[in-house]
Amino acid sequence: MLNLVVASAMVQGALFAPPLDREFAYVTEQVRSDPGGERRYRIERTLRFARDGDGLFADLTLDRIVGGNGEEGAMFERALAGLKGRTVRYRLTPQGTLGSIDAIDGHWTALVDGMSIDATGTRGAPVVASLRVAPRRQRVAMLWSMLDPLVIPAIAADGPYALRPVSLPGRSANGTAATLVGTERLERTGGRALRLTRIVRGSEPMRAGTERSPGTTIDRERETVAILDSQSGLLSQSTDRTSVRIGDREQVSITKISLAEK
């Protein structure tokens, strides 16, 4: 899903100030299309920020998962089914970074147990087995990725700024480091709202030994438009379009995130 990488250096002193004790509807929608067809996915969550003594925490509850028809949709729903109805509590620093996750082992066991349903054969079973023994850093990273796209005070505090070059780290199909380069700008749109606009691109050769003809390249492009709240450091909404073209075949993924008070 969407990951708004902080391309600039972290802004020193950028504090995270979300509204407290209010429930938000946090919705992620994605459309994936390729020559084989179109697939739609949707995740609905409830989010609440609060304080516990001097500490800030976020409670995130997975309410609904929609994977559509077909085996890919069923796999998508199974991947998160174990967390449905569970509330994950994230302990946050004043800057909005992760301090810890309460009851992480219990959440991880529930997540993997949900994946294990009907996970048989040469693909599903080995993946589930490896996740059961995943190191703690992997568990933390996967659970944090559910909240991380929303918490971006460093980006909000860094702007506004005019068009400037940007490069984003990534991983290529060959398993090696890849970089997407382009431009971004952060501009005020009225009141506390900031709009981030970013376009990055990159290319890499196909790995030797694949079925594609020699000289075929993988071309990637990512366009992001996001609206941020400059006061709270929260994402309000975003649209992220990622395309991957290999020869004459293109795969496109469009991810939309929205956060609104219930």
- Tell me, please, which residues at least two apart from Ser230 pass side-chain hydrogen bond (donor to acceptor under 3.5 Å, both in side chains). none
- Leu62 side chain reached by Leu80 side chain, heavy atoms, under 4.5 Å: yes
- Query: Hey, mind stepping through Asp63 and Ile43 against side chain to side chain contact (heavy atoms under 4.5 Å, CB included) and telling me if it holds?
  - Reply: CA-CA 8 Å; Asp63 300 317; Ile43 305 173; over 6 Å; no
- Query: Do the side chain of Thr97 and the main chain of Thr93 share a donor and acceptor less than 3.5 angstrom apart?
  - Reply: no
- For the atom pair CD (Glu77) and CE (Met75), what is the distance rounded to the nearest 0.5 Å? 12.0 Å
- Message: Please report the interatomic distance CG(Leu143) to CD1(Ile104), rounded to the nearest 0.5 Å.
- Response: 5.0 Å
- Task: Determine, using the 4.5 Å side-chain heavy-atom cutoff (strictly less than), whether Val127 and Val112 are members of one ILVMFWY cluster.
- Result: yes
- Message: Looking only at the side chains, is there a donor atom on one of Gln30 and Thr255 sitting less than 3.5 Å from an acceptor on the other?
- Response: yes
- Item | Residues Lys256 and Ser238: side-chain donor-acceptor under 3.5 angstrom | no
- Query: When you check the gap from the basic side-chain N to the acidic O, do Glu29 and Arg42 get nearer than 4.0 Å?
  - Reply: yes
- Gly55 backbone acceptor or donor facing Asp52 side chain under 3.5 Å: no
- To the nearest 0.5 Å, atom CD1 of Ile152 lies from atom CG of Leu235 at 4.5 Å
- Message: Quick check: do Arg139 and Leu111 have side-chain heavy atoms less than 4.5 Å from each other?
- Response: no
- More than 12 non-hydrogen atoms from neighbouring residues, nucleotides or ligands closer than 6.0 Å to CZ on Arg40, yes or no? no
- Rounded distance (nearest 0.5 Å) linking atom NZ of Lys262 with atom OH of Tyr26: 14.0 Å
- Message: Is it true that Glu187 and Tyr161 share a donor-acceptor pair across their side chains at a distance under 3.5 Å?
- Response: no
- Query: Is the backbone of Gly106 close enough, under 3.5 Å, to the side chain of Thr109 for a donor and an acceptor to pair up by distance?
  - Reply: no
- Item | Check: Leu168 and Thr179 side chains under 4.5 Å, non-hydrogen atoms | no
- Between Glu204 and Thr217, is any pair of side-chain heavy atoms under 4.5 Å apart? no
- Query: Looking at OG1 of Thr183 and CZ of Arg185, how far apart are the two atoms once the value is rounded to the nearest 0.5 Å?
  - Reply: 7.0 Å
- Candidate pair Thr224 and Asp240, rule side-chain hydrogen bond (donor to acceptor under 3.5 Å, both in side chains), full reasoning: CA-CA 4 Å; Thr224 301; Asp240 189 83; 2.5 Å; yes
- Message: Apply side-chain hydrogen bond (donor to acceptor under 3.5 Å, both in side chains) to residues Thr46 and Thr61 and explain how you reach the verdict.
- Response: CA-CA 5 Å; Thr46 297; Thr61 306; 5.9 Å; no
- Message: Quick check: do Val252 and Val31 have side-chain heavy atoms less than 4.5 Å from each other?
- Response: no
- Query: If you measure only the distance, is there a donor-acceptor pair under 3.5 Å linking the side chains of Ser203 and Asp219?
  - Reply: yes
- Note on the structure: Residues Asp21 and Arg48: closest non-hydrogen pair is OD1-NH1, 3.5 Å
- Which pair of heavy atoms, one from Val200 and one from Gly182, lies closest together, and at what distance? CG1-N, 3.8 Å
- Task: Look only at the side chain of Trp144 and the backbone of Ser100, and say whether a donor-acceptor pair between them is shorter than 3.5 Å.
- Result: no
- Item | side chain to side chain contact (heavy atoms under 4.5 Å, CB included) evaluation trace for Arg45 with Thr28 | CA-CA 9 Å; Arg45 306 177 178 98; Thr28 302; 3.6 Å; yes
- Smallest separation among heavy atoms of Ser145 and Pro149, with atom names: O-CD, 3.3 Å
- Would you say the side chain of Ile101 lies within less than 4.5 Å of the side chain of Arg91, judging by non-hydrogen atoms? no
- What one should report as the nearest heavy-atom pair of Asp113 and Ser116 is O-OG, 2.6 Å
- Mind checking what makes ring pair (Phe, Tyr, Trp, His ring centres under 6.0 Å) contact with Phe49, not counting sequence neighbours? Phe16
- Non-hydrogen atoms of Phe76 and Gly67 that approach each other most closely: CD2-CA, 3.9 Å
- Arg32 vs Tyr41 side-chain heavy atoms within contact, under 4.5 Å: yes
- For the residue pair Val140 and Leu98, establish whether any side-chain heavy-atom pair is separated by less than 4.5 Å. yes
- Task: Work out which heavy atom in Leu234 is nearest to a heavy atom in Pro19; give both atom names and the distance.
- Result: CD1-CD, 3.9 Å
- Message: Strictly distance-based, threshold 3.5 Å: is any side-chain N or O of Arg245 a donor or acceptor partner for the main-chain N or O of Gln251?
- Response: no
- Message: Is there a side chain to side chain contact (heavy atoms under 4.5 Å, CB included) between Val166 and Arg198? Walk through the geometry before answering.
- Response: CA-CA 8 Å; Val166 63; Arg198 177 188 293 160; 4.3 Å; yes
- Item | Spatial distance of atom CD1 (Ile65) from atom CZ (Arg78) [nearest 0.5 Å] | 11.5 Å
- Cation over ring, Arg51 on Phe57, under 6.0 Å and within 45°? no
- Item | Hydrophobic cluster membership, Val225 vs Leu180, 4.5 Å side-chain cutoff | no
- Query: Going by distance alone, is a donor N or O of one side chain under 3.5 Å from an acceptor N or O of the other, for Ser253 and Thr242?
  - Reply: no
- Decide side chain to side chain contact (heavy atoms under 4.5 Å, CB included) for Leu228 and Leu186; before the verdict, give the C-alpha distance in whole Å, the side-chain angles of both, and the deciding distance to 0.1 Å. CA-CA 10 Å; Leu228 328 173; Leu186 190 64; 4.0 Å; yes
